[in-house]
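Notes follow once the structure below has been shown.
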Number of protein chains: 2
Amino acid sequence: MITFDDVQAAARRLDGVAHRTPVITSGALDEATGAGRVLLKAENLQRVGAFKFRGAYNAISTLKPEDRARGVATVSSGNHAQAVSLAARLHEIPAVILMPEDAPAGKLAATRGYGAEVVPFDRYGVVRDELLEQLVAERGLTPIHPYDNPYVMAGQGTVALELIEDAGPLDVLLVCLGGGGLLSGCATATAALSPDTRIIGVEPEAGDDFVRSLAAGERVAIEVPRTIADGQQTNMPGELTFPVIQQLVDEVITVSDAEIVTAMKLLFERAKVVAEPSGACAFAALLAGKVEANGLRVGVTISGGNVTAARFAELVA
Amino acid sequence: MITFDDVQAAARRLDGVAHRTPVITSGALDEATGAGRVLLKAENLQRVGAFKFRGAYNAISTLKPEDRARGVATVSSGNHAQAVSLAARLHEIPAVILMPEDAPAGKLAATRGYGAEVVPFDRYGVVRDELLEQLVAERGLTPIHPYDNPYVMAGQGTVALELIEDAGPLDVLLVCLGGGGLLSGCATATAALSPDTRIIGVEPEAGDDFVRSLAAGERVAIEVPRTIADGQQTNMPGELTFPVIQQLVDEVITVSDAEIVTAMKLLFERAKVVAEPSGACAFAALLAGKVEANGLRVGVTISGGNVTAARFAELVA
């Protein structure tokens, strides 16, 4: 289990490197959801366009010099790939990224743009963790797991740390949930700073591995989910993230792809917020009325904004 | 001429009422423009989705009680309409808004949504100022001009005041220019706070009334411009804004509709910023290479974000 100290240590390492992203409020969102105040933590405005930069940078910061020199590797559907690529460049070390060959073109290009070597793979044909192990062994690289790494989890926890520092205590916190890095870190920070907050994770309907695993009391694997929320296509809770979430999170709920698109459109039109499908997931749950929010102060992570204009146009058409 | 004291007084009236909008930075925008640092003042995140709220609220705040009681009126293509409507509601007074019948549907609906009475007119068939005079005389209302009002100008100046307070001195400031309310106010604040800043106004090619007027040394009227930048369809500089701009602004330049769309798309994809066409105008000039920005600290107003998802999709297609 990570501790609040780990999150605070991550915050010190990220100070002046990561953006302290704004908390965005909008009367229109309050009206649309019935919440007393919706407080969006705009991680779409983070470096690389998603919260993932925090965890990746924090993890690379703590590597031993000899490990840094050989470089890092990871496997990611997109935002973590860009995050490791940029964090490695800032540390002036090599990075090799395994990316699904059907990842959004913009994400593939951006990852290469930050300087990493990209190795594509078939998302539906291989076990991604095994592929990563093989690469790491062959090249002597240090793996930076997208979520099952205590430094990654602690780094992502600075999202909730900043949100609560800047906006004050929350009644409810809604967090986008894929592998559980963001949720486990945010739950750790929130339990320390705002212990009465109800903490809720939100995953896509097709990727309800956390809902099933929490019900079963153990980690359950599902089929690789097919959803527009390409940042949440993990098929099983993390080994390290799951116990944190079991202990600290009040509930995990799901949203449909259609609910995500409705949320993306409202965020665009009324809050001027660009959210990618996975980034709009937590807000989608609030907007769809799946959370008791009446008159409450509701923190919502907008976890990323990496969607092309063309893809956005296609989704909202 | 308004003074810096007027802008500071407006800032005090707006404190706790208007949003102090964030200054957004992005390595991708620096790379795309060659600027040392692009500093976006995100007025798309202002109440009503545009800077116009500042001026309208400031102007209504200073009305005498007897004038307030009878109500206010204005004529506007959209954002000022919403601004007056909301500012009037916050002061609990009536508002009547003359709006072009071809204004974006979302803007018409939002204006009514804030509680104002909307009176549509034919943008290309009447002189808008005469129409407003008639309405005001008939109903005993106080007109809140979209830009030719010293309190409106001073209110808009708080955009640059906040930008410089939050981001520090600028080498260049690029401001979207329609009637000149935002530019005259921002120039007044910038001249006081960051006197070495080069201040540049940006208007659509089809609406180059300021370029022509500055060249002529007097206010020149043009045809009502046909441009996607519906917030900048004024056809003549303001009587009060023009002398301020003549004295304090270094240059006024123009951008094409195509350059505006390219800017909207890049802002969306790389900065996660939703800008309406008029809101992207200043950044479009920077992106199109029309401003010497190499290595410089360039402040850019994103003046508004009121564009529907459908319209955005249509423009970037």
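In what follows, every chain begins at residue 1, and chains take the letters A, B, ... in the order their sequences are listed. Here the structure is a predicted model, which is why all the values come from computation and not from measurement.
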Would you please name every residue forming a ring pair (Phe, Tyr, Trp, His ring centres under 6.0 Å) with A:Tyr57, sequence neighbours left out? A:Phe53, A:His91
Give the interface residues of residues 303-317 of chain B toward chain A, defined by a heavy-atom separation under 4.5 Å. B:Gly305, B:Asn306, B:Val307, B:Thr308, B:Ala309, B:Ala310, B:Phe312, B:Ala313, B:Val316
Output the distance between atom CD (B:Gln46) and atom OG (A:Ser26), rounded to the nearest 0.5 Å. 11.5 Å
Using every non-hydrogen atom in the two residues, find where A:Lys272 and B:Leu45 come nearest and quote the distance to one decimal. CB-CD2, 3.8 Å
Counting only non-hydrogen atoms closer than 4.5 Å, can you tell me which residues of residues 256-269 of chain A sit against chain B? A:Lys265, A:Phe268, A:Glu269
Given that the side chain runs from C-beta out, which part of B:Arg270 has a heavy atom under 4.5 Å from chain A: side chain, backbone, both or neither? side chain
Using non-hydrogen atoms only, which part of B:Thr25 is less than 4.5 Å away from chain A: side chain, backbone, both, or neither? both
Can you check whether anything in residues 274-281 of chain A gets within less than 4.5 Å of chain B, heavy-atom wise, and list it by number? A:Val274
